[in-house]
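What you are looking at is a predicted structure, and each value in this text was computed from that prediction instead of being measured. Values reported hereafter were calculated over all heavy atoms of this structure, with side chains retained and with hydrogens, waters and symmetry mates removed. Below, read A as the first sequence line, B as the second, and so on, with proteins coming before strands; counting in each chain starts at 1.
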Amino acid sequence: MASGGCDRTPVRLNEGPAVGSLERHRMAYTIEGSTGTWEVVVGLEVHAQVVSQAKLFSGAATAFGAEPNSQVSFVDAAFPGMLPVVNAECVTQAVRTGLGLNAQIHPVSRFDRKNYFYADLPSGYQISQFEHPIVGTGEIEVELADGSTKVIGITRLHLEQDAGKSIHDQHPTKTLIDLNRSGVALMEIVSEPDIRSPEEAGAYVRKLRSILRYLGTCDGNMEEGSMRADVNVSVRKHGEPYRTRCEVKNVNSIRFVMQAVEAEATRQVEVWESGGTVMQETRLFDSGRGITRSMRSKEDAHDYRYFPDPDLLPLVLDEDWIAALKASLPELPDAKRARFIQSYGLSPYDAAVLVAEKATAEFYETVATGRDAKIAANWITGDFFAAMNRLGRTIENPPVTAAALGGLLDLMADNTINGRIAKDVFEAMVETGKDAATIVDEKGLRQVTDAGAIDEAVNRILAANPDKVAEYRSGKDKLFGFFVGQTMKALAGKGNPALINETLKRLLAA
Amino acid sequence: MSLDHATVRRIASLARIRVEDHEVEPLCHELNGILGWIEQLNEVDVSGIAPLTGAANMAAPLREDVVTDGGYPEKVLANAPERIGDFYVVPKVVE
């Protein structure tokens with residue numbers, strides 16, 4: 001535990017310029033220790049499962065959730081004499097991802113063997129790319145809660161095989177092994193140590209996942225393990241060079257990535273301040289207790305003895321082919337956000353929310369096309385998201401379809417219903433699955449736009465409240481809202497607000 | 001370059017090969033002989049020559065992304081020392 005009763009809660013500084021010119025206007029995340037203020041340095045290695053039918057080096061299937069060992073070829077099980085052959089689609093996906101990360105594509109890359117012993121790695125080595133990765137340096141821009149953005153450097157992206165799956169909880173003394181995942185293609189995407197807070201770490205993984213999903217190169221499903229992060233954390237005093245880092249392995253949600261950064265940084269500050277030394281090691285994040293703990297004690301665990309895989313020739317890419325892939329990339333989140341701001345007049349915040357998921361952006365564009373784009377954005381980020389979250393639905397399985405929501409907005413646009421009634425109609429749509437027009441007809445919710453009817457209602461309200469009318473006329477303007485409310489109530493909520501306002505002003509002035 | 005006993009034991013441990021105490025000295029001698037022979041290659045001047053990692057100077061052939069293999073757990077598990085259902089079974093591995 002903490003020594004000396006110092007406050008080790010991460011705090012945000014309220015004064016002084018933050019480090020680095022890019023961050024000048026943002027408050028830096030720091031940890032207050034007993035010996036001073038500590039900065040957190042984080043780099044992430046994200047393992048993203050490549051979307052492909054077959055594995056990286058064999059023709060076995062990659063589908064999730066199949067019967068044990070049913071999607072395993074002799075190559076994946078490392079039977080003697082079996083030779084790997086590279087899957088062209090996995091190469092394409094890695095290059096497309098590299099292009100989406102604004103990264104250099106290396107026309108020549110190579111596969112190496114990373115040697116280690118583990119029961120779910122039948123060959124005793126993982127085929128990876130060590131010295132010559134397929135993709136080099138790139139960058140992504142992340143959006144932070146205070147509205148600022150930050151560029152995080154990408155060091156590299158390389159292709160490698162996944163290992164099999166060990167199941168430890170089915171037998172008291174045995175481990176069960178399923179090799180279905182063995183040989184599935186992964187992209188390991190390594191960031192520069194540019195990340196300085198849990199928030200930035202979360203924003204980075206979120207943005208990376210969004211880009212991968214837009215590209216269709218990884219489904220980004222962290223629950224099923226198709227995306228996992230190794231979190232490298234160190235701490236230092238302001239202006240110091242990097243200190244020793246620890247790697248927190250296999251963190252499988254964005255929330256846990258953020259928690260792991262904070263827990264590990266806090267632990268390291270305590271180690272340094274109690275006179276100890278942080279040792280470079282691999283640790284695990286225990287999400288139940290919110291701490292990290294040491295994982296591998298053997299110091300030779302990291303002696304991977306890399307060497308070029310003699311079974312595989314260099315991967316050589318044609319420059320024209322790379323250019324063609326680049327030309328065929330879909331519109332990515334940053335470009336889409338800029339377009340939403342420009343052509344739909346959305347705020348940067350609303351645009352960021354709407355483009356985070358490709359499916360949400362498509363839903364929005366379906367609703368917004370030919371309609372008031374801002375009203376469409378308000379409805380989707382407001383009532384629609386609220387209903388979706390309340391019911392545990394997703395954008396792929398929405399509580400109301402884009403066409404139906406568009407239909408509701410049309411009824412507002414042509415004055416069939418007013419905005420207040422629209423909210424009730426929306427809830428009825430969610431509940432019954434009927435379209436807006438049907439609900440409006442069935443429940444008789446059509447807006448009262450008949451001037452005679454509104455005149456009559458207003459006159460009735462004024463006659464019933466002579467004292468309030470007198471007060472209003474003697475200068476108590478705030479009472480106007482009271483009259484609007486009473487009139488709307490008299491019309492069962494169906495009055496046209498503009499007409500009511502107009503009528504009230506006219507008759508009260510009389 | 002020459003290997004000491006500790007390095008020989010470490011290499012054996014990384015390769016998961018059991019080496020008895022009396023085998024270490026002869027192994028050390030043999031490995032040093034092999035290394036000495038290989039070190040002669042260092043005498044060749046290779047400056048300006050790109051490293052060759054394979055026997056053939058050609059690009060890797062690529063395979064189409066089609067499922068053509070798998071679906072035979074019985075064959076895959078044929079040599080498993082132990083199994084439960086279609087899983088391999090090994091002594092408990094705990095991190």
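Formation of a donor-acceptor pair under 3.5 Å by the R293(A) side chain with backbone atoms of F285(A) is not found in this model. The closest donor-acceptor contact from the side chain of S328(A) to the backbone of L325(A) lies under 3.5 Å.
Each of G85(B), A80(B), G71(B) has some count of heavy-atom pairs under 4.5 Å with chain A, and the biggest count is that of G71(B). Between chain B and the residues V316(A), V75(A), N87(A), V86(A), the most heavy-atom pairs under 4.5 angstrom are made by N87(A). Note: T173(A) leads D120(A), T173(A), D178(A), T62(A) in heavy-atom pairs under 4.5 Å with chain B. When each of L312(A), V108(A), L179(A) is scored by its heavy-atom pairs under 4.5 Å with chain B, the top score falls to L179(A).
No side-chain heavy atom of L284(A) sits less than 4.5 Å from a side-chain heavy atom of T292(A).
Residue L56(A) touches chain B through its backbone alone, counting heavy-atom pairs closer than 4.5 Å. Looking at V66(B), the atoms closer than 4.5 Å to chain A (heavy atoms on both sides) all sit in the backbone: N, CA, C or O. Looking at E74(B), neither its backbone nor its side chain comes within 4.5 Å of chain A, counting heavy atoms on both sides. Contact annotation for P308(A): only side-chain heavy atoms (C-beta onward) come within less than 4.5 Å of a heavy atom of chain B.
Annotation: cation-pi geometry satisfied between R113(A) and Y125(A) (NZ/CZ under 6.0 angstrom from ring centroid, within 45° of ring axis).
Proximity to chain A at a heavy-atom threshold of 4.5 Å picks out nothing from residues 43-50 of chain B.
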